[in-house]
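Working notes, beginning with the structure itself.
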Amino acid sequence: MKTVAILGSTGSIGTQALEVVKMHGMRVTALAAHSQAEKLAQQAKEYKPSCVCIFDETKKPLLTELLAGEDIEILTGMEGLCKIAGSREADIVLNSVVGMVGLLPTLTAIEAGTDVALANKETLVAGGSLVMQAAAEKGVHIYPVDSEHSAIFQCLQGNSMNRVRKIILTASGGPFFGKTAAELANVRAADALKHPNWDMGNKITIDSSTLMNKGLEFIEAKWLFDLDPSQIEIVVHRQSVLHSAVEFEDYAVIGQMGVPDMKIPIQYALLYPERKPCPTRPLSLTEYGTLTFEQPDYETFGCLRAAIDAIKEGGLRPCIVNAANEEAVGWFLRDEIGFLQIGELVRAAMESVQGGAVTCYEEVLRADREARAFVRSRILQK
Ligand code: MN3
C-alpha cells in the first residue's frame with residue numbers, strides 16, 4: 001500500500017482524503033495545515049505521521065503543547081511545506097493547499113522525484129509550463145484530484161491522447177446560474193457561499209459562483225492533458241453527475257459519472273490505477289431522472305472569459321488573472337467590494353499588468369505580486 005503526505009490536511013479535500021486513507025490503511029508520513037492547530041494535532045494523534053507543519057508560525061507554541069509526548073517533528077511556514085514535499089518519505093504527495101502558496105511545494109516534490117496528487121489548481125494556472133516541464137524531466141506523475149480532471153483522466157485510460165478531438169468540461173453553473181448582471185450587483189459573500197452541489201472551502205466556493213473556478217479548470221485541463229484551448233468545451237450541467245467527458249476521433253464520447261463526492265476522485269488519484277470500495281454512496285440515475293446541459297453565460301460571468309482569454313494569450317497572463325482573482329476574492333469575502341467587481345478587477349489586471357514569458361519561478365512570483373498590488377491599488381483608489 002502506498003504512503004502519503006498531505007499538504008492542506010485540515011481543509012475540505014484534506015479531511016476527505018484522510019477518510020480514504022483510513023479506509024485503505026494507507027500510512028501517512030506527514031500532515032500540513034494552514035492555521036488550524038487543534039484539528040491538525042487531532043489528526044496527527046490519529047494518523048501518526050513522522051512530522052507535521054503548521055504554516056502560520058504563531059500557532060507553533062500551541063501545536064507543540066498539543067503534541068507534547070508524541071514523537072512528531074513540528075515544522076512551520078513555506079520551509080516546512082517544502083521540507084515535507086521534498087522528503088521522499090511518501091510515495092505520493094497530496095497537495096491540497098489553497099492558492100499560489102502551493103506552487104513551490106509542487107515543484108519541490110517533483111524535483112525530489114515524488115508523484116503528486118494535485119488538488120491545488122492555482123499551481124497549474126500560474127506555473128503550468130514550469131510544473132509540466134519539470135514533471136516530464138523527472139518522470140513524475142501528476143494525478144488530478146479535481147473532479148472534472150479526474151473524470152477526463154479516467155476517460156483517457158486505455159485510449160491514446162492523440163486520438164482526442166476535444167474534452168467536454170462540465171460546470172455546475174454555481175448558485176447564480178441564469179442570473180443577470182443587474183440581479184448580481186448586490187450579492188454579498190454570504191449569498192455566494194451557498195453552493196448547490198458541492199461542499200467546499202470558501203475560496204473555491206466564491207470561484208464557483210463567479211465561474212472563475214471553471215476558468216481556472218480550463219487552464220488546468222490545458223496543461224494536464226496538453227490540449228489546445230480550442231479543444232476544450234465548457235458545458236453547464238446543473239446536476240454535477242457527469243463529471244466531464246472526452247470526444248475521440250471517431251466521435252465516440254466517453255464520460256465519467258458518479259455522485260458529486262470528492263472522495264471518488266481523491267481515491268482514484270491516491271490508489272491509481274486500482275479501483276476499490278470508496279467511502280461514498282452509489283449513483284442512482286433514476287433518482288435524478290433528468291440530466292441537463294446548457295451554454296455558459298460568458299457576458300455576465302466576466303471571470304470565465306478573462307481566464308480563457310488569458311490562456312489563449314499564454315505566458316504570464318494566466319498567473320496574473322489568478323493572482324488578481326485571489327486578491328479580489330479576499331476583499332469580497334470581507335464584504336469590501338461587490339460581486340461584479342471581482343470580474344472587473346480581474347479583467348483590468350489582465351489588460352494592465354506586464355506579462356511576458358514564464359521563464360522561472362521568480363518571474364511567476366513577480367507577476368503574481370504585481371497583479372495583487374494592482375488590484376489593491378484599484379480598490380483603495382475608490
Ligand atoms: Mn472542479
Side-chain angles (χ1 to χ4, degrees), residues 8 11-17 20 94-99 102 106 116-126 128 142-156 167-177 192-225 227 232-246 255-270 278 280 283 291 293-294 296 301 303-304 307-308 311 318 321-322 325-326 329:
S12 170
I13 297 290
T15 50
Q16 295 182 79
V20 169
L94 169 60
N95 186 349
S96 56
V97 307
V98 179
T106 296
V116 178
L118 195 59
N120 172 247
K121 64 188 76 182
E122 294 90 345
T123 295
L124 276 180
V125 171
I142 307 278
Y143 297 113
V145 172
D146 211 342
S147 61
E148 296 80 358
H149 306 79
S150 173
I152 295 161
F153 183 56
Q154 293 180 56
C155 295
L156 288 171
I167 63 162
I168 298 162
L169 192 66
T170 52
S172 74
F176 305 132
F177 179 70
L193 288 172
K194 293 173 201 144
H195 194 278
N197 302 331
W198 299 97
D199 182 12
M200 309 173 290
N202 281 356
K203 161 75 168 46
I204 185 173
T205 304
I206 300 302
D207 285 349
S208 296
S209 73
T210 61
L211 295 198
M212 175 52 102
N213 183 54
K214 210 48 56 180
L216 299 177
E217 290 181 355
F218 186 105
I219 299 170
E220 194 184 3
K222 181 254 175 305
W223 289 116
L224 279 172
F225 305 110
L227 298 163
I232 306 172
E233 180 187 5
I234 298 175
V235 173
V236 174
H237 165 49
R238 298 292 285 157
Q239 299 78 21
S240 300
V241 166
L242 176 70
H243 297 302
S244 279
V246 178
Q256 185 255 323
M257 297 196 282
V259 291
D261 184 332
M262 285 305 295
K263 289 191 282 292
I264 300 173
I266 291 168
Q267 175 168 308
Y268 195 69
L270 294 182
C278 183
T280 183
L283 169 66
L291 299 181
F293 301 95
E294 295 160 85
F301 297 90
C303 284
L304 178 58
I308 294 172
I311 190 63
V321 159
N322 175 65
N325 178 63
E326 274 191 39
V329 168

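These values consider heavy atoms only, across backbone and side chains, with no hydrogens, waters or symmetry-generated copies. Note that ligands are numbered from 1 as they come in the structure, with each ligand's atoms numbered from 1 the same way. The first residue of the sequence shown is numbered 1, and numbering continues consecutively from there.
- Listed by chain and number, the residues in a side chain to side chain contact (heavy atoms under 4.5 Å, CB included) with Ala221 are His149, Ile167, Phe225, Ile232 (sequence neighbours excluded).
- Looking at Asn213 and Ser208, their side chains come closer than 4.5 Å, going by heavy atoms from C-beta outward.
- Here the N, O or S atom of Glu217 that is nearest to the Mn ion (ligand 1) is OE2.
- With sequence neighbours excluded, the residues that form a side chain to side chain contact (heavy atoms under 4.5 Å, CB included) with Ser96 are Ile6, Ile13, Leu94, Ala119.
- The Mn ion (ligand 1) is closest to atom OE1 of Glu148 (considering only N, O or S atoms).
- A salt bridge links Glu217 with Lys121; the closest basic N to acidic carboxylate O contact falls under 4.0 Å.
- If you look at Asp146 and ask which of its N, O or S atoms sits nearest the Mn ion (ligand 1), the answer is OD1.
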